[in-house]
Amino acid sequence: MQAELLLQQRQRLIQDRLRASGRVLAVDLAQEFNVSEDTIRRDLRELAAAGLCERVYGGALPVTPGSTTLAQRVGEAPERKAALAWAALAFIKPGTTVFFDAGSTNLAIAKALPDDLELTAVTNTPLIAAALMDKPGIDLIVIGGKIDRRVGAAVGARAQRDIETLRPDLCILGACGADIDAGLTVFEYEDAEFKRLVALGSASVLAAITNDKFATSAPHRVIAAAQCSALIVEHDAPADAIDRYEAAGIAIAHARKTKA
């Protein structure tokens, strides 16, 4: 009974450390709790199995906030997403082919495109396709197939076959979690497979990341962080995280400050 109590107390403390710092390392926790690293690794495995953390090499990350549908996310933090969208426009060049991945921030980017901008836009997301239809300078390619309602896009076998024929100049990638070690991650397996195909087939990859996604991880990895060419981040993005991305050679662009 005493051993079980100590186990529960230790795991509660580990969760507290995750909430406070956004990351824990097994070696540090072993020293703090005066137990072996194997004991801590078992704790982290149990917490991960219960959905309370995400295992990464050497430790664990908090689980990214619960997945909701794209339609639900569209109305969340519109000012912050609009600011990210305006910062992303500097990376979108006339005459190029740009893939717009599923995501509410990516929808904001599509809406922010100037009406006179001429490019080829590709998307697997009906909401983004509808926004781009109103842009007279854009040639639109829609990747089809069955729509995953949670993702808000086509990500299945047909969509994966269709996207393999394209080589975008820029992939604007969506992600549920972003961490320098875990990479860019998402909740759905097929979504991760589709995103990975697009990203690896594109000349460059950009992702717009809200602050709540930093130092979190979802179950399925899309690409390593270093495979991103650039990140668009909020004006007050965590400096320690940004330093690590810049050290990995990733270009960082900050959005303008939004009204409180």
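Since we're looking at a predicted model, the values are computed, not measured. Quick note: residue numbers are just sequence positions, from 1. Scope of the values below: all heavy atoms of this structure, side chains included, with no hydrogens, waters or symmetry mates.
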Open item on the list: Determine whether a donor-acceptor pair (N or O, by modelled atom type, separation under 3.5 Å) exists between the side chain of Gln227 and the backbone of Ala224.
Closed with: yes

TODO: Could you list all the ring-ring contact (aromatic ring centres under 6.0 Å, His included) pairs where at least one residue sits in residues 206-229, not counting sequence neighbours?
DONE: Tyr189-His220, Phe214-Tyr245

Task: For Val27, the rest of its hydrophobic cluster, which grows through side-chain links under 4.5 angstrom - done: Leu25

Open item on the list: Assigning hydrophobic clusters by single linkage (Ile, Leu, Val, Met, Phe, Trp, Tyr; side-chain heavy-atom cutoff under 4.5 Å), is Val233 placed with Leu206?
Closed with: no

Task: SG-CD1 distance between Cys171 and Ile223, expressed to the nearest 0.5 angstrom - done: 7.5 Å

Open item on the list: In the structure I gave you, are the side-chain heavy atoms of Arg17 and Glu32 within less than 4.5 Å of one another anywhere?
Closed with: yes

- [ ] Is it possible for you to say whether Ile250 and Ile209 belong to one hydrophobic cluster, with membership spreading through side-chain heavy-atom contacts below 4.5 Å?
- [x] yes

Open item on the list: Could you report the tightest heavy-atom contact between Leu61 and Ala215, atom names first, then the distance?
Closed with: CD2-O, 3.9 Å

- [ ] Scan for salt bridge (charged side-chain N to carboxylate O under 4.0 Å, His left out) pairs involving residues 216-231, sequence neighbours excluded, and state none if there are none.
- [x] none

- [ ] Please report the shortest heavy-atom distance between Ala83 and Arg256, naming the atom on each side.
- [x] CB-O, 3.7 Å

- [ ] Could you please spell out the steps behind the side-chain contact (heavy atoms from CB on, under 4.5 Å) verdict for Asp181 and Arg244?
- [x] CA-CA 10 Å; Asp181 295 321; Arg244 297 186 71 195; 3.5 Å; yes

Task: Same apolar cluster (I L V M F W Y, side chains within < 4.5 Å links), Ile252/Leu84 - done: no

Task: Heavy-atom side-chain contact between Ile40 and Phe33 under 4.5 Å - done: yes

Donor-acceptor pairs are to be reported for all side-chain atoms of residues 117-132 against protein atoms at under 3.5 Å, with residues two or more places apart or in another chain.
residue	atom	partner	partner atom	Å
Thr123	OG1	Phe100	O	2.8
Thr123	OG1	Thr125	N	3.1
Asn124	ND2	Ala154	O	3.0
Thr125	OG1	Ala102	N	3.4

TODO: Tell me, please, which residues at least two apart from Glu46 pass side-chain hydrogen bond (donor to acceptor under 3.5 Å, both in side chains).
DONE: Gln11

Task: Pairwise distance CZ(Arg167) to CG(Leu200) - rounded to 0.5 angstrom - done: 9.5 Å

Open item on the list: Between Val24 and Leu29, is there a side-chain heavy-atom distance shorter than 4.5 Å?
Closed with: yes

- [ ] List the atom of Lys135, the atom of Leu113, and the distance in Å for their closest heavy-atom pair.
- [x] NZ-O, 2.7 Å

Task: Sub-4.5 Å side-chain heavy-atom contact between Leu47 and Ile14 - done: yes

TODO: Give the minimum heavy-atom separation between Leu18 and Ala60, together with the two atoms involved.
DONE: CD2-O, 3.6 Å

Task: From CD1 (Ile143) to CD1 (Ile163), nearest 0.5 Å - done: 4.0 Å

Open item on the list: To the closest 0.5 Å, what do you measure between CG (Asp28) and CD (Glu37)?
Closed with: 9.0 Å

Task: Minimum side-chain heavy-atom gap Cys228-Val205 below 4.5 Å - done: yes

TODO: Decide salt bridge (charged side-chain N to carboxylate O under 4.0 Å, His left out) for Asp43 and Arg12; before the verdict, give the C-alpha distance in whole Å, the side-chain angles of both, and the deciding distance to 0.1 Å.
DONE: CA-CA 10 Å; Asp43 287 343; Arg12 280 197 297 269; over 6 Å; no

Task: Common cluster, Phe194/Ile141, ILVMFWY with side-chain heavy-atom separation under 4.5 Å - done: yes

- [ ] Flag yes if Leu107 and Leu173 sit in one hydrophobic cluster, no otherwise; membership is Ile, Leu, Val, Met, Phe, Trp, Tyr, and two members link when side-chain heavy atoms are under 4.5 Å apart.
- [x] no

Task: Verdict with supporting geometry, Arg41 and Arg55, side-chain contact (heavy atoms from CB on, under 4.5 Å) - done: CA-CA 9 Å; Arg41 282 192 284 269; Arg55 290 292 312 278; 4.3 Å; yes

- [ ] Check Cys176 against Val186 and note the closest heavy-atom contact, atom names and distance.
- [x] SG-CA, 3.8 Å

Open item on the list: side-chain contact (heavy atoms from CB on, under 4.5 Å), that's the test. Do Val222 and Thr185 meet it? Break it down for me.
Closed with: CA-CA 5 Å; Val222 180; Thr185 55; 5.9 Å; no

Task: Test item: Val155 and Glu193 side chains (from C-beta on) under 4.5 Å apart, heavy atoms - done: no

Task: Contact list for residues 79-106, test salt bridge (charged side-chain N to carboxylate O under 4.0 Å, His left out), sequence neighbours left out - done: Arg80-Asp212, Arg80-Glu234, Asp101-Lys195

TODO: Report the distance from atom CG of Asp38 to atom CZ of Arg42, rounding to the nearest 0.5 Å.
DONE: 6.0 Å

Task: Derivation of the side-chain contact (heavy atoms from CB on, under 4.5 Å) call for Ile92 and Leu170 - done: CA-CA 8 Å; Ile92 301 173; Leu170 175 65; 4.0 Å; yes

TODO: Applying side-chain contact (heavy atoms from CB on, under 4.5 Å) between Ile172 and each of Thr105, Ile109, Val198, report the one that passes.
DONE: Ile109

- [ ] Please report the shortest heavy-atom distance between Leu184 and Ala175, naming the atom on each side.
- [x] CB-CB, 4.1 Å

